[in-house]
Amino acid sequence: MNTHYGIYGGQYVAETLMGALQELEREYFAALKDPAFHQELQDLLKNYVGRESPLYHAKRLSQACGGAQIYLKREDLNHTGAHKVNNTLGQALLARRMGKKRLIAETGAGMHGVATATVAALFGMECEVFMGAEDVARQAPNVERMHVLGAKVRAITEGSQTLKDAMNAALREWTATSQDTFYLIGTAAGPYPYPMLVKEFQSVIGKEARRQCLEQCGRLPDEVVACVGGGSNAIGIFAGFQEDPSVQLVGAEAGGLGVSTGMHAASINGGKVGILHGMKAYFLQDEHGQIRDTHSVSAGLDYTGVGPEHCFLADSGRARYTVIEDQEAIQAFDTLCRLEGIIPALESAHAVAQTMKDAATMKPDQIIIANLSGRGDKDMDNIRQYKEKHGQNR
Ligand SMILES: *Cc1c(COP(=O)(O)O)cnc(C)c1O
């Protein structure tokens, strides 16, 4: 059994957790072979999430960039407003198959917490979400959403009281309770088999996009772009095109105030190989190997690491990873709002910014697909504050 992507990935966990990971892997492969599992997942993706999501030709945005034709994969139109529900549904179905009664999850900005609380309500499961105390204070509306959905929120007061500490705490809790508890990881990271199964559940994005592009354009895109936090929406859309060598895969990391300032969340471009959260991957670290805090205008890209397959795709050159700074993401946010009437999540605005840059260097008969991972309603306060602070007009 290969638990690695090149040198990345693996299962760097306490011995006491190995049994739980092996059980998860066994049940995952059994579920994949079970037509009833696929049928139920398909049914929920269609009738609960509202899939498939459209592939939309953004003509005014394309024209403004003066190059390639830009298509948007509209994950923002999913129930709960982002791609995350594709993964939480799949894992919750697995949890139910395994007879687990309780879901736990880590969350930073709260979006994965809300997506997990959503499926816990749907399946009548108990749910407890681990969240850094700092994030609990900063993300009050999402904490409120989790509460109304019936989930408990546990504020973690260790370390910097943010996402990485919440993930440490969730892993510890799982070690103690794996008998009846399923740990629902929110991105394509963590110990094997999580990166693999999160990719599988998010690959619906790439499979749909490939088929839709062939239907609408009669050919494959030249490039596919997604933002990269932990890497789940990116690996999901990449999955549809990884075997098509003519398709450039591009991941946009959060550059914050600039990689050279140290205030960013670009783990591949500005990090080093290390081990945390059960995996070997790129992490932001200081010169002593201590994990560094992140900065990004978009809370959902604020993870100090990145999934192992992205590390491998970066090293091998199959995918290119770029950096988009706060300012560029905000500009792309404004542009998409004004030209297309679509308010993107700030995370997704990083992908849009990269797409606009690349489109301008390409020809009008070329095609770029940008993954619009989520909608921006949640970011309105954030945007207003950013603009007030930077003296930008409305
Ligand atoms: C959480 C989130 C992300 C970042 O997570 P990935 O695992 O890197 O996809 C991106 N976009 C939106 C809208 C999110 O909510």
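Every number for a ligand or one of its atoms is a count from 1 in the order of the listing. Note that the structure is predicted; figures quoted are calculated from it, not measured. Below, all heavy atoms of this structure are taken into account, side chains as well, without hydrogens, waters or symmetry copies.
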Measure up the H79 and Y48 rings against each other and bin them: parallel (under 30°), tilted (30 to 60°), perpendicular (over 60°).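 Ring orientation of H79 relative to Y48: perpendicular.
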
Quick one: sort the H310 and F238 rings into parallel, tilted or perpendicular, breaks at 30° and 60°.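 Answer is perpendicular, since the angle exceeds 60°.
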
Should [X] and [Y] count as an ion pair when the cut-off is N to O under 4.0 Å?
{"X": "E40", "Y": "R96", "value": "yes"}
{"X": "D222", "Y": "R219", "value": "yes"}
{"X": "E173", "Y": "R102", "value": "yes"}
{"X": "K59", "Y": "E340", "value": "no"}

Nearest-option assignment for [atom], heavy atoms, candidates [options]:
{"atom": "atom 8 (O) of ligand 1", "options": "G236, P344, G231", "value": "G231"}
{"atom": "atom 5 (O) of ligand 1", "options": "G186, G300, G110", "value": "G300"}
{"atom": "atom 14 (C) of ligand 1", "options": "M111, K84, E347, R375", "value": "K84"}

Identity and separation of the nearest protein heavy atom to atom 11 (N) of ligand 1: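 I find the closest protein heavy atom is S373 OG, 2.7 Å.
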
Please could you name the atoms of ligand 1 that [X] approaches to less than 4.0 Å, counting only its heavy atoms?
{"X": "S232", "answer": "6 (P), 7 (O), 8 (O), 9 (O)"}
{"X": "T187", "answer": "6 (P), 7 (O)"}
{"X": "C227", "answer": "10 (C)"}
{"X": "G374", "answer": "13 (C)"}

Using a 3.5 Å cut-off on N or O atoms only, is G229 in polar contact with ligand 1?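 Yes, there is a polar N/O contact under 3.5 Å.
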
May I ask you to decide if V250's main-chain N or O and Q354's side chain share a donor-acceptor pair within less than 3.5 Å? no

Y8/H4 aromatic ring centres below 6.0 Å: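 No - the distance between ring centres of Y8 and H4 does not fall below the 6.0 Å cut-off.
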
May I ask whether H83 places a heavy atom under 4.0 Å from ligand 1?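 It does; at least one heavy atom falls under 4.0 Å.
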
Residue-level breakdown please: for A345 versus ligand 1, do any non-hydrogen atoms fall below 4.0 Å on the side chain, on the backbone, on both, or on neither? side chain

